[in-house]
Amino acid sequence: AAPVVVSSKIDTEGAVLGNIIALVLEHAGIPLTRRLQLGPTKIVRTALLAGEIDIYPEYTGNAGFFFSMADDPLWKNAGEAYAKARDLDAANALVWLAPAPADNTWGIAVRGDVAAREKLATLEDFARWAKQADDVKLAASAEFVESAAALPAFQDAYGFTLSGDQLLVLSGGDTAATIKAAAEGTSGVNAAMVYGTDGAIAALDLKVMADTKHVQPVYQPAPVIRKAVLDAYPQIAALLAPAFAGLTLPTLQQLNAQVQLEGLDARSVAEGYLKAQGLLG
Amino acid sequence: MRSPAGRQPAPFLRAGSGLDGLPLLICAIALAALLLGGFVVVAPNRLQSGTPLSLWQAAGPGGAGALLALLVVIATLAARPALRFRRVLIGLAAGGLMVMSLALAGSAASEQGLAAGRLTRVSLGAGFWTLFMAGLLLLADGAEREPSRANKALPLLATLLGLAALLASGHLSQLSLAREYAVRHQAYLDELVRHLQLTGAGLALALVAGGAIGLLAYRRPQRAGPVFAVLNIVQTIPSLALFALLIGPLTMLTALLPALRQLGIAGIGPAPAILALGLYGLLPVARGVHAGLSAVPGAAVEAARGMGMTEGQIVRHTLVPLALPTLLQTLRLTLVQLIGLAVLAALIGAGGLGTFIFQGLGQTAADLVLLGALSAIALALLADTALRGLALLFTRGPAR
Amino acid sequence: MRAAGRLARRPVVGVGAVFLGLTFGMGALAPHLGFLFPEGTRLVYTRATFPELVASHALLTGSASLIAIGIGLAAALFATRPSGRAYAATLDRLGALAQTFPPVAVLALAVPSLGYGDLPTAFALVLYGVLPVMGAGMAGLRSVPASVLEAADGSGFSPAGRLWRIELPLAAPILLAGIRTSVTIGIGTATIGSTVGALTLGSPIIDGLSGDNPAFVLQGTVLVALFAVTVDLALGEVQRALPRRAP
Amino acid sequence: MIRFEGVSKSFGGAKAVDDVTLSVARGTICALVGTSGSGKSTLLRLVNRLLEVDAGSIRFDGEDVTRLAPVELRRRVGYVIQSVGLFPHWTVERNIATVPRLLGWSSARIGERVAELLDLVGLPPGLHARRYPDELSGGQQQRVGVARALAAEPELLLMDEPFGAVDPPTRRGLQDSLIAIQRRTGTTILLVTHDVEEAIRLCGTLAVLHHGRLLQTGTPASVLTHPASDEVARFFGGPLLGLNRLKALRVGDRAHVADPPAAEGEPIDTDATLETALARMVAEGRSRLPVRHLADGRSGVLDLADLVRP
Amino acid sequence: MIRFEGVSKSFGGAKAVDDVTLSVARGTICALVGTSGSGKSTLLRLVNRLLEVDAGSIRFDGEDVTRLAPVELRRRVGYVIQSVGLFPHWTVERNIATVPRLLGWSSARIGERVAELLDLVGLPPGLHARRYPDELSGGQQQRVGVARALAAEPELLLMDEPFGAVDPPTRRGLQDSLIAIQRRTGTTILLVTHDVEEAIRLCGTLAVLHHGRLLQTGTPASVLTHPASDEVARFFGGPLLGLNRLKALRVGDRAHVADPPAAEGEPIDTDATLETALARMVAEGRSRLPVRHLADGRSGVLDLADLVRP
Ligand SMILES: Nc1ncnc2c1ncn2[C@@H]1O[C@H](COP(=O)(O)OP(=O)(O)OP(=O)(O)O)[C@@H](O)[C@H]1O
Ligand SMILES: Nc1ncnc2c1ncn2[C@@H]1O[C@H](COP(=O)(O)OP(=O)(O)OP(=O)(O)O)[C@@H](O)[C@H]1O
Ligand SMILES: [Mg+2]
Ligand SMILES: [Mg+2]
């Protein structure tokens, strides 16, 4: 049979998760081609739909955007979100395999020293600070600023607004860039958009504001595979399930940190994780 | 034959007089940068920006002294225009400057890295780069002005050998750049090859199509204007936009003709990248071919025809050999340009050295960005030097 | 009158009109283009209006181009004067080296010292814009026939007078071609400034690429391509209109 | 050898060559003279079909040139182009060998021929064979151009101002070489020149062109003695026409049998020009010169008064 | 007016001008002749300090040129460059006005002057003033170059082969214009030429250069009658030197008082050259010409035999 084309998104976590998938399949003797870190979501998703790639890790919450129903509250519940994504994509002959428990949701983090000074722990604190002080400056990607589910949702729920001057918008920006901007205070930035699983948050002394009102959808990573390929290799579902099940938030953060902070190769990080889980024999 | 009054050379350029200003200037700039900028930068981890260490702090009095001594040697050589082999010596010293500064940075990285633990990163600082660039420019300038081919090549080869030996020795392994490379040496090789493949394919496309267009424009001068106007517009479209624009139509095309997919043509990946690179190469190639052919003296062509050469023989024996310098120059410029542009291919999933740049951007890991960028630059410089050398072989020695 | 008529038939007018029309009309047009894109695509770019994007892009490229032209021209002048001729090759090489550096990398490396926003973008643009101007300036100044220079000296022009009245006018066509290249490259390169917080026409493109939105990509792409082509054609018009000969 | 019949050629409406009829006999040299733009180069290019006639015909050895394949024709016809046109990327040797190589001569034969030709045009092969055109002076380049055209022993040689850009002494040397070469090989030559003296010195026939029309043909002596029109007279020096006539006439034409006592001094040859004779008289301050041999074997004298005999 | 004293100039070791001492008197024309590369152009460039002497001095009106500011000096000295060098982006008018504008003349005065000069060089201002150099023929361009050099009524005119690239009839016309201009303005002229006839026709003094050294100076007649060396003789025609001498000598030098009966026919002027006289004799088949007026007012005759008088 034709080799399975394994892909992933271009970011760090994509690299780690993609390598986990590839290593597991490889270990099971399934022939495969790696096209990891192919590009941003759009590219990878298009490629999957076009059949140019066969499997890649996607976040459950993103299904809301694929099917233009991001406003639906069901995305905020992990189980419902996964089930909904799986059901919706069945029409595209795609199968969502079992997701990881880690939730890579959007959040806002503040510089440690600022958080201590202003006594900030939750997004409610952040809203209070944002309302009274005008030195707040948040670095974020355009997507975070624009997408109704992200910053606007936080602003609605917690009752604050950030003016244009208080935002540093990086087109296509990844959290690594926003985190670094906040950590180093470049251009006056002191707060950053972050993902739940980011590895650098703690190391760079940033404090994540707790989302006490659960504003965000759940973004659990899960392998998405073309049905035709899964039919050809039905064992893939069972092979990947334990590998993803072990990916708790701290574990995934730690894996990401190994890549981002220590600069280790995503493949060896994935290998280390799988070995530790006893999945590579 | 009446000789037209040649441009008078500036008096101080006359052979054997005055001192050589350029090396002195470069040395002065290098010295200033060393005194003001950091030689290496020590960062607490891979993501954060670090604090610069001066040459003195990084390399100790011995290393700093040795580097300064080399600068003094170059300056002294520059001030002695009468010396035989002066250019070769300056070239060798410049190469020595490059190798030695890299070696010192490597040592500094080992010491600092060992001192401060696993996460610490030691990167190359502005002072180092200025020094390295100074060496490179001196080397290039010397090679260009030196008339003898052997003396041109000697310092270049010696420097390349020195750098290669330094790399192979593992002395640099603690530099952040080397550590980035070390964790992805397998992927690095793949992407490098990928980059070359993309560039090569794009170049081939540009050469075939652009060459044909250039020839056509030479044969039919009245069509040249409109053809170049259209090519010019293609060239004007921003690269990012062109790459992005090609995704749509190609995806549609492969949807309509699934057979294309068997050939590896797809909306993302190499196909649009190669196409875009080819399109960008079109104008320079066509223009170069046209200019090269047009510059062949009409008298030589008429003489060839009058001798009874067939059209094919005229092309082979007269047009191509006489246009060759321009053609090689075109090849060189196009190749260098495409090597740079191919970096963007990573954005649309075609791989190449751009992968590291965009990964590095995503992780804000400056040294990963540098790994990709420097590789692309080194590739471009190598291609440039190799094709210059080739051009030198094809232009005959004495009279030029 | 006839001249105006002739100008109206030049491509720059048509392309420019389309560009301006789209700049101001994109907001109104976009909602009707749903059929082009997958269902559910957001059709109207909201972070900034297109006139804002174009204005900001133009300001950024305009100022960077002016600086690049200034530096390039100064370097070309220096490299063609007797005292600077020895430095010509090195200047040329330095410019070429600056151009081989991928612009994205320049941005990434410039941010720590220059911060985010227009500044690092302008820096990259200047870096890219200098070489074409410098190269064309040198080529243009060198293309002035030696006999003309000798005649100028023999007539008793001062060095500055010779430069201003003889050399620059004769070099102008080639020089302008270089400026044209430099400015169009600048317009294209400015798009990536959006990744470091500058507001440009690249913002919709890159947001679109990373945010799964082909509509944004297309809008940005079309506008920036039209912008570049319009400016290129307009400069071409200037080049044509430039008195090949001075009165 | 070569015959133009009613040949015309226009460029975009303007007639460059207008109804020219002219024959050049085998083994002779014919000069095409005329002011700039009178159609001389165009006429040459019509012969080897670098251009095609609009009307009329050109016969080469009795055969219409349009019947001959251009490439074959050109290999039989040597062509010295107005602007020299050496191949700058080839050595002198290789330049001269162009046509022989095209004809596939053996390299030994080519080598011999090149050496011979270089000798003929006065460039020692050892010194010059391996040089490149831009290492030669203008005059040397032109000589190489002539040698290149002669290489394959062409039946016909077309020369377009072959010595146009050379200073007077060098030019005289080249003319002497050309005369020697032509004597040896018997090649037919059609020569374009601006230089009246050159035309008279080298050529058996003059053909005067003006605005594309042939104004007059004939031997130098007849053209100079009886110019057909003011145009022709003007071309040959206007008020100085008479002097140019002395270049065309020879001592033998005017000398008479020596009425003893014969004149003193070194005798002059019968085929020296009257101009040379006059120059000697002026230089030596004498009005009578001894003549070496008259046509009938007797010796004679030339008097100053003989020069102005009508 | 201009005096070279022991002037030398080397380029990279090779001496282009070697110890030249030469004076040119105010209001005269001096020709610099010599083979290619003999240092003629270099000598001119030393005068207006486009080059600087290595040794020796050049005095302009008694003042050492190195004492004068180059820009001022050049505005006082007209310079016709060997390769014409018109400013391609300026009209003919503007080209000619170059130096007057630099000197800040009023535009009315400039306009007048330009029209006058165009007339002088035979280009009707109405037709040519607003044309650009590339719309002119080569000869017309050279005339504009001459007019430009003359514009500000320079005290000294340096001309480097001013009519080098022009066919013989046109060239004669230009020489006539130059003579007329010089007569009118009394400008001192230093003229480089390859053309022996031109040198003899135009100049009161010849200076013969060879490999940078000055071989001989003197009037054309004296140089041609008594060449100082073989080199000089060779330059002036070798065997034909005698004929060239006739170009330098005038009817008045040789004519004698008419022994009645005077000769028939149209009389010839005393300042016509002997060459012209000879040409008439040959053309008319006569050996005696009447001469219009001798220096002392009486009329005379010129005999053929007078031409060869030692
Ligand atoms: N390829 C061409 N296209 C158009 N006109 C041409 C072409 N070749 C020659 N002519 C014109 O034909 C006329 C004759 O040109 P030709 O070159 O034969 O003159 P020529 O007698 O050789 O002049 P010269 O002595 O200057 O070489 C000129 O008016 C010239 O402009
Ligand atoms: N700028 C220069 N650099 C080096 N050599 C030069 C330069 N100018 C002239 N020469 C050399 O000096 C010598 C005299 O040159 P010059 O131009 O004065 O000759 P010329 O008599 O004017 O010759 P022509 O009649 O060919 O114009 C030549 O050997 C020439 O090669
Ligand atoms: Mg011709
Ligand atoms: Mg000269």
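Below, each value reflects all heavy atoms present in this structure, side chains not excepted, and no hydrogens, waters or symmetry copies. Sequence lines set the chain letters: A, B, ... in the order given, protein chains first and strands last, and positions in each chain run from 1.
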Next on the checklist: Measuring from atom CD of E146(A) to atom CZ of F216(C), what distance do you get when rounded to the nearest 0.5 angstrom?
Outcome noted: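 Rounded to the nearest 0.5 Å, the CD-CZ separation comes out at 6.5 Å.
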Which atom pairs, donor and acceptor, lie under 3.5 Å between side-chain atoms of residues 198-206 of chain A and protein residues at least two apart or in another chain?
residue, atom, partner, partner atom, Å
D198(A), OD1, T175(A), OG1, 2.9
D198(A), OD2, T175(A), OG1, 2.8
D198(A), OD2, Y195(A), N, 2.8

Checklist entry - Side chain, backbone, both or neither: which part of L168(A) has an atom under 4.5 Å from a heavy atom of chain C? => result side chain
Checklist entry - What part of A139(A) is in contact with chain C, defined as an atom under 4.5 angstrom from a non-hydrogen atom: side chain, backbone, both or neither? => result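 No part of A139(A) comes within 4.5 Å of chain C.
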Item to check | Parallel, tilted or perpendicular: rings of F154(A) and F144(A) (30°, 60°) | outcome: tilted
Item to check | Option among V231(C), D232(C), V229(C) that satisfies the side-chain contact (heavy atoms from CB on, under 4.5 Å) test with V15(C) | outcome: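 Exactly one candidate clears the test, V229(C).
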Next on the checklist: Regarding D113(A) and R111(A), does a basic nitrogen lie under 4.0 Å from an acidic carboxylate oxygen?
Outcome noted: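 The answer is yes: the pair qualifies as a salt bridge.
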Checklist entry - Is there any residue in residues 189-202 of chain C with a non-hydrogen atom under 4.5 Å from a non-hydrogen atom of chain A, and which ones are they? => result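 Checking residues 189-202 of chain C against chain A gives S194(C), T195(C), V196(C), G197(C).
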Checklist entry - Given the rule in the side-chain contact (heavy atoms from CB on, under 4.5 Å) test, do E52(A) and V5(A) qualify, once you have shown the distances and angles that lead to the verdict? => result CA-CA 8 Å; E52(A) 285 166 24; V5(A) 182; over 6 Å; no
Item to check | Full working for side-chain contact (heavy atoms from CB on, under 4.5 Å) between E143(A) and W106(A) | outcome: CA-CA 11 Å; E143(A) 202 178 357; W106(A) 265 325; 4.2 Å; yes
